[in-house]
Every structure is written in structure tokens, then in C-alpha cells.
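Indexing begins at 1, ligand by ligand and atom by atom, following the structure's order.
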Amino acid sequence: MDTTSSPHFCIVGAGFSGAVLARALAEKMDCRVTVLDERPHLGGNCHTERDAATGVMVHCYGPHIFHTSLPEVWDYVTRFGRFGAFVNRVKAVTPRGVFSLPINLHTINQFFGKTFNPAEAKAFIATLGDASIAEPRNFEEQALKFLGRELYETFFYGYTRKQWGCEPRELAASILKRLPVRFNYDDNYYNSTWQGIPEDGYTAMVEKILAHPAITVRLGVRFEPEARPACDHLFYTGPLDAYFGHRAGRLGYRTVTFERGEAEGDFQGNAVLNYGDPAVPYTRIHEHKHFAPWEEHARTVYFKEYSQETGPADPPYYPKRLDADHRLLREYRRLARQEHGVSFLGRLATYRYMDMDKVIGEALAFGGAFARAFQDGSADRPIFPNADAEA
Ligand code: FAD
Ligand code: UDP
């Protein structure tokens with residue numbers, strides 16, 4: 001530890017969590033910050049790069065649409081890049097036809113062959129819901145209570161089985177609550193106040209966040225807990241179980257893989273098409289030129305997305321959070337609380353299903369809280385921002 005100069009902080013992970021925190025510390029304190037990432041690029045799972053063959057900006061770890069209702073987060077991200085206008089309007093391809101998602105008045109009228117107005121549709125859907133379910137305890141009950149079996153089986157059962165590799169009744173109801181159900185013709189996938197895609201991609205945005213004289217970035221460097229670098233405080237945004245060498249077992253994650261295709265012109269006419277049919281092995285196809293409608297490209301690149309269980313060498317994507325995972329999480333949190341001089345934050349280190357705006361908002365707030373605690377000398381014990389949220 002260097003006691004002769006300003007404090008030195010080390011951050012593991014150059015995704016949004018690590019980058020936003022690094023910038024917050026650099027702006028709030030007289031300090032030096034080193035950010036390291038084992039990958040050869042910035043941006044974590046939000047990394048974007050231009051496809052060499054088509055010139056299209058590709059979201060390398062799956063499609064990322066920025067959306068938020070947090071004014072402080074929107075103000076923050078727009079400091080570091082321009083957002084192109086993009087509204088996610090997903091279509092679901094099913095054996096009964098192609099429908100608009102999230103479920104809205106158009107979906108309902110098309111699916112049931114009706115011409116309902118909003119009040120009629122709402123009353124009709126209420127008759128389909130399972131009234132015997134008072135308080136939904138899981139994903140399936142949430143769907144059956146509010147949508148009924150036919151919509152559930154067409155749009156959610158097969159997709160969710162493929163996506164999560166388990167029965168929907170094993171999953172939390174909160175996963176389904178991510179999607180709105182609307183009784184008007186609004187087919188925007190999100191309810192958020194602001195939505196868009198950074199014109200130069202997410203990686204360029206993260207590069208700007210990290211462009212500060214107090215911040216040093218080291219890519220292609222893997223952090224090993226047993227060879228912890230000398231620093232005044234460590235911030236870890238990697239997987240929580242990996243920090244402890246998986247000694248209590250592995251937290252459950254789904255990973256995804258992509259099968260690339262290339263075509264002339266327009267392949268599917270939309271950024272995202274979802275496939276709820278269990279007979280189709282992939283969950284969705286994303287065609288990335290549609291995420292940047294302000295650009296023109298003669299050729300197009302698209303990806304079929306497959307979901308599977310995470311093996312030891314696979315990148316963890318979606319935290320499953322089944323009952324056994326919660327037990328393991330409690331054990332890892334207990335171990336973490338015995339550590340000194342380390343904080344755990346971000347999607348992987350807190351084992352939560354977090355969108356980019358939540359990750360950014362939390363890193364911003366945490367940077368401020370940490371700076372105050374460090375100056376008071378009370379930042380030695382491990383800190384999890386919002387540790388118990390959703391736990
Ligand atoms: P990450 O981006 O995962 O970054 C963690 C970094 O830590 C990684 O770069 C990793 O290499 C590094 N690291 C880990 N361990 C080590 C180690 N030991 N040594 C060195 N480096 C290490 N959010 C949205 O808002 N909109 C979307 O449309 C959206 N789509 C998504 C689609 C998919 C398929 C997935 C999986 C997520 C999506 N998200 C979306 C969520 C978004 O990806 C996350 O909120 C965000 O990436 C979390 O940032 P993070 O910095 O916490 O984690
Ligand atoms: N989902 C589904 N069918 C769809 C889209 C989503 O069953 O066509 C379910 C699925 O379980 C998914 C959850 O709803 O995990 C939340 O959807 P969202 O689009 O938010 O998932 P993301 O890929 O962004 O995590």
C-alpha cells in the first residue's frame with residue numbers, strides 16, 4: 001500500500017460497473033485508479049464493434065438497448081456519447097403467425113380474431129386469467145393469473161424453457177414482470193422514459209468514461225484473488241463465486257451462444273424476432289443494422305441466439321437465482337463479509353439480473369458513498385451496494 005501519495009484503487013472489470021465507478025472515484029477524490037479486465041476490450045458484456053464483412057455495428061455479447069427512467073443516469077450517459085433514436089419493437093414468430101410483443105391491443109385482437117377496444121380487451125383478458133391464483137409465487141403463476149393459458153403457452157412457456165433451461169414454475173415471477181402487458185396499441189418493448197443506442201457503440205462510450213488522467217486501464221489482465229494487487233481498496237465486478245474459487249459450489253447461470261449469418265439487404269425486417277415455439281432451437285434472431293437505422297449498409301449480419309447451461313469455461317450471462325442459488329449466494333455473502341478492503345458490485349458480483357441503467361445508477365451512487373466512507377476511515381469492510389435487493 002502506498003501511503004506517501006494519494007490513495008490507489010484497483011477495479012476488476014471494465015464493463016459499465018467498473019468504468020462508471022472509476023470515473024466517480026477519479027472525479028470525487030484525489031486518487032489513482034487502475035481498471036483491469038481479462039478481456040482484450042472495454043465495455044464488458046455491452047462491448048460493440050463493427051463487423052468486418054458488413055460494416056454493421058455489432059453488439060458482440062447479444063443485443064443491448066439502452067433504456068432508463070432515471071434522470072441522473074440519462075444525464076450521465078449523454079455526457080459520454082450521442083444516442084441515436086431507437087425504439088425496441090419486438091415481433092414474436094409463432095406457429096399461429098407473427099405477433100407484436102410485448103402483448104398489446106394489436107396482439108390480443110390479432111391473436112383472438114377480435115376488434116376489441118382497450119376496455120373490452122382488458123375485460124376479455126381478465127376472463128382468461130386464473131382467478132384461483134391469489135398471489136403468484138412464480139413465473140408460471142404470474143402468467144396464468146394475468147394472461148391465461150393460451151397466451152402463456154404461445155408466447156412464454158417455450159421461450160422461457162429454452163432461455164432458462166428449467167420449468168417456468170421454478171423461476172421468479174419478477175422475470176415475467178420485466179415485460180409490460182398493454183391494452184392500447186403501444187408496442188414499445190419498454191416503459192422507460194428514455195431509450196436509444198449510442199451512435200458510436202457502447203465501447204466508445206466506456207472509453208470516454210475512462211478517459212481521465214487519474215485512471216489507468218490494463219486489458220488482457222486476469223485478476224487472481226490469491227495474487228491481489230497492492231492497493232488501498234479493491235472493487236470487484238466479476239462473478240462472486242469465482243472470487244472464492246467456487247469453493248462452496250457454482251452459482252447457476254445461463255450462457256448464450258450465437259450463430260452468425262450474412263445476407264444481402266434486409267434479412268428479417270426488424271432488429272429482434274423472438275421464437276416461442278419449442279420446436280425452434282434458438283430463442284431469437286437479432287439483425288444488428290436495425291439497431292442503427294441512421295446508418296446504411298448494403299449487406300446485413302444477423303445472429304441466432306441459443307441459450308444453455310454455463311460450463312466452467314463459458315461466460316456467465318443470466319443469473320438463474322433458483323432456490324439452491326439463493327442458499328449458495330448467502331454462503332458467498334457470508335464469506336465476502338469476512339474480507340477486508342474489498343467491495344463487490346455490478347451484475348456478476350452481486351448476482352442480480354440488472355439492466356445497464358441500474359448498473360450505472362448503482363455505480364454512481366456507490367462511488368459517492370464510498371468516497372465519503374473512505375475519507376471517514378470506515379470503508380475497510382466489504383460493501384455490497386444494495387446487497388439484499390432481490391436477494
Ligand atoms: P459486465 O459487463 O459483465 O462486466 C464485468 C467485466 O469483468 C467483464 O468485462 C469481465 O471480463 C471482467 N472480469 C470478470 N472477472 C474478471 C477477472 N477475474 N479478472 C479480470 N476481469 C474480470 N441491459 C440493458 O439495459 N439492455 C439490454 O438490452 C440488455 N441486453 C442484454 C442481453 C444479454 C444477452 C445479457 C446477458 C445482458 C443484457 N443486459 C441488457 C444487461 C447488461 O449486459 C448488464 O447490465 C451490464 O453488462 C452489466 O455490467 P457490469 O459491468 O456489471 O458487468
Ligand atoms: N420472455 C418470453 N417470451 C418472449 C420474451 C421474453 O417468455 O418472447 C420471458 C423470458 O423468460 C425472459 C423474460 O420474459 O427471460 C424477460 O424478457 P426480457 O426481454 O426482459 O429478457 P432479456 O433477454 O432482456 O433478459
Side-chain angles (χ1 to χ4, degrees), residues 11-21 35-47 59-68 73 88 90-94 99 101-103 139-140 142-143 151-164 166 168 171-172 174-180 189-190 192 195 197 202 206 218-225 236-240 242-243 253-258 271-277 283-284 286 291 303 305 307 315-320 344-350 352-360 362-363:
I11 299 180
V12 179
F16 270 116
S17 294
V20 171
L21 177 70
V35 179
L36 50 95
D37 202 298
E38 63 185 332
R39 289 172 171 169
H41 59 72
L42 301 174
N45 273 8
C46 306
H47 172 56
H59 307 189
C60 304
Y61 298 90
H64 277 72
I65 300 105
F66 193 89
H67 59 99
T68 190
V73 171
N88 200 21
V90 175
K91 303 285 176 275
V93 183
T94 81
F99 298 93
L101 265 190
I103 289 179
F139 184 111
E140 180 162 289
Q142 176 78 15
L151 289 169
Y152 167 57
E153 287 184 350
T154 306
F155 294 106
F156 299 106
Y157 178 77
Y159 188 100
T160 299
R161 279 239 33 162
K162 287 189 275 185
Q163 166 80 1
W164 294 97
C166 60
L171 295 165
S174 60
I175 295 179
L176 183 60
K177 287 185 199 160
R178 285 171 60 86
L179 298 189
Y189 203 68
Y190 305 114
S192 308
Q195 187 171 169
I197 304 279
Y202 291 100
V206 170
R218 296 174 62 207
L219 294 177
V221 177
R222 184 173 164 74
F223 162 80
E224 302 289 354
Y236 178 79
T237 75
L240 184 61
Y243 183 91
Y253 275 102
R254 295 294 280 178
T255 196
V256 290
T257 55
F258 305 107
V272 183
L273 296 189
N274 284 5
Y275 290 81
D277 185 353
T283 51
R284 55 183 179 174
H286 16 105
F291 288 119
F303 297 87
E305 181 174 324
S307 176
Y317 272 80
Y318 292 100
K320 288 182 78 170
F344 298 86
L345 80 159
R347 190 178 59 95
L348 297 167
T350 64
R352 280 178 298 156
Y353 191 170
M354 296 165 82
D355 282 334
M356 291 179 276
D357 67 324
K358 297 291 178 319
V359 155
I360 292 169
E362 230 170 77

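Ile65 has its side chain out of reach of Tyr189: every pair of non-hydrogen atoms, C-beta onward, lies at least 4.5 Å apart. With a 4.5 Å cut-off on side-chain heavy atoms, Asp277 and Thr94 do not count as touching. The shortest distance between side-chain heavy atoms of Val90 and Arg284 does not fall below 4.5 Å. Side-chain contact between Tyr253 and Leu348 is present, with heavy atoms from C-beta onward closer than 4.5 Å. Contact check for Glu305 versus Pro63: side-chain heavy atoms found under the 4.5 Å cut-off. Looking at Phe66 and Asp355, their side chains never come closer than 4.5 Å, going by heavy atoms from C-beta outward. Pro168 is listed as a side-chain neighbour of Arg161, based on a closest heavy-atom distance under 4.5 Å. Counting only heavy atoms from C-beta outward, the side chains of Tyr318 and Gln163 approach each other to under 4.5 Å.
In this structure, the protein non-hydrogen atom closest to atom 1 (N) of ligand 2 is Tyr159 CD2, 3.5 Å. Residue, atom and distance of the protein heavy atom nearest to atom 15 (O) of ligand 2 are Trp164 NE1, 3.0 Å. The nearest protein atom to atom 16 (C) of ligand 2, hydrogens excluded, is given as Ile175 O, 3.6 Å; this is a heavy-atom distance. Here the protein heavy atom with the shortest distance to atom 24 (O) of ligand 2 is Arg178 NH2, 3.1 Å. If you check which protein heavy atom lies closest to atom 51 (O) of ligand 1, you get Ser17 N, 3.0 Å. Taking atom 3 (N) of ligand 2 as the reference point, the nearest protein heavy-atom neighbour is Phe155 O, 2.9 Å. The protein heavy-atom contact nearest to atom 3 (O) of ligand 1 is Arg347 NH2, 3.2 Å. In this structure, the protein non-hydrogen atom closest to atom 47 (O) of ligand 1 is Cys46 SG, 3.4 Å. The protein heavy-atom contact nearest to atom 37 (C) of ligand 1 is His64 NE2, 3.7 Å. Here the protein heavy atom with the shortest distance to atom 23 (O) of ligand 2 is Tyr318 OH, 3.1 Å. For atom 7 (O) of ligand 2, the closest non-hydrogen atom on the protein side is Thr160 OG1, 2.8 Å. The shortest contact between atom 28 (O) of ligand 1 and any protein heavy atom is with Ile65 N, 2.8 Å. Among all non-hydrogen protein atoms, the one lying nearest atom 6 (C) of ligand 1 is Asp37 OD2, 3.5 Å. Nearest protein heavy-atom neighbour of atom 25 (O) of ligand 2: Tyr353 OH, 2.2 Å.
Within the set Val272, Val90, Asn274, the minimum heavy-atom distance to atom 8 (O) of ligand 2 is found for Asn274. Between atom 30 (N) of ligand 1 and the options Pro63, Pro239, Ala349, Pro40, the minimum heavy-atom separation is to Pro63. Distances from atom 17 (O) of ligand 2 to the heavy atoms of Leu179, Leu273, Asp355 show the closest one on Leu179.
At a 4.0 Å heavy-atom cut-off, ligand 1 does not touch Ala19 at all. If you look at Val221 next to ligand 1, the close heavy atoms, those under 4.0 Å, all belong to the backbone. Only the side chain of Val359 comes within 4.0 Å of ligand 1, counting heavy atoms alone; its backbone N, CA, C and O stay farther away. At a 4.0 Å heavy-atom cut-off, ligand 2 does not touch Leu176 at all. Contact annotation: for Glu38 versus ligand 1, heavy atoms closer than 4.0 Å belong to both the backbone and the side chain. Contact annotation for Leu171 and ligand 2: no heavy atom of the residue comes within less than 4.0 Å of the ligand.
Here the straight-line distance linking atom CG of Leu273 with atom CG of Leu101 works out to 10.5 Å at 0.5 Å rounding. Distance check, rounded to the nearest 0.5 Å: CD of Glu38 to CZ of Arg222 gives 4.5 Å. Going from atom CD of Glu362 over to atom OG1 of Thr350 covers 6.0 Å, rounded to the nearest 0.5 Å.
Geometric assessment of Arg39 against the ring of Tyr61 yields a positive cation-pi assignment under the 6.0 Å and 45° thresholds.
Ligand 1 has no atom lying under 4.0 Å from any heavy atom of Asn88. In this structure, Phe66 does not count as a contact residue of ligand 1, since none of its heavy atoms falls inside 4.0 Å of the ligand. Judged by the shortest distance from any of its heavy atoms, Tyr61 lies inside the 4.0 Å radius around the atoms of ligand 1.
Each of the atoms 4 (C), 8 (O) of ligand 2 lies under 4.0 Å from some heavy atom of Leu101.
Ring orientation note: the planes of Phe139 and Tyr152 are tilted relative to one another, at an angle of 30° to 60°. Note: Tyr236 and Phe223 have tilted aromatic rings, judged against thresholds of 30 and 60 degrees for the angle between ring planes.
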Exercise. I would like to know whether His286 and Phe258 meet ring-ring contact (aromatic ring centres under 6.0 Å, His included); could you show each step before the answer?
Key: CA-CA 10 Å; His286 16 105; Phe258 305 107; 5.5 Å; yes
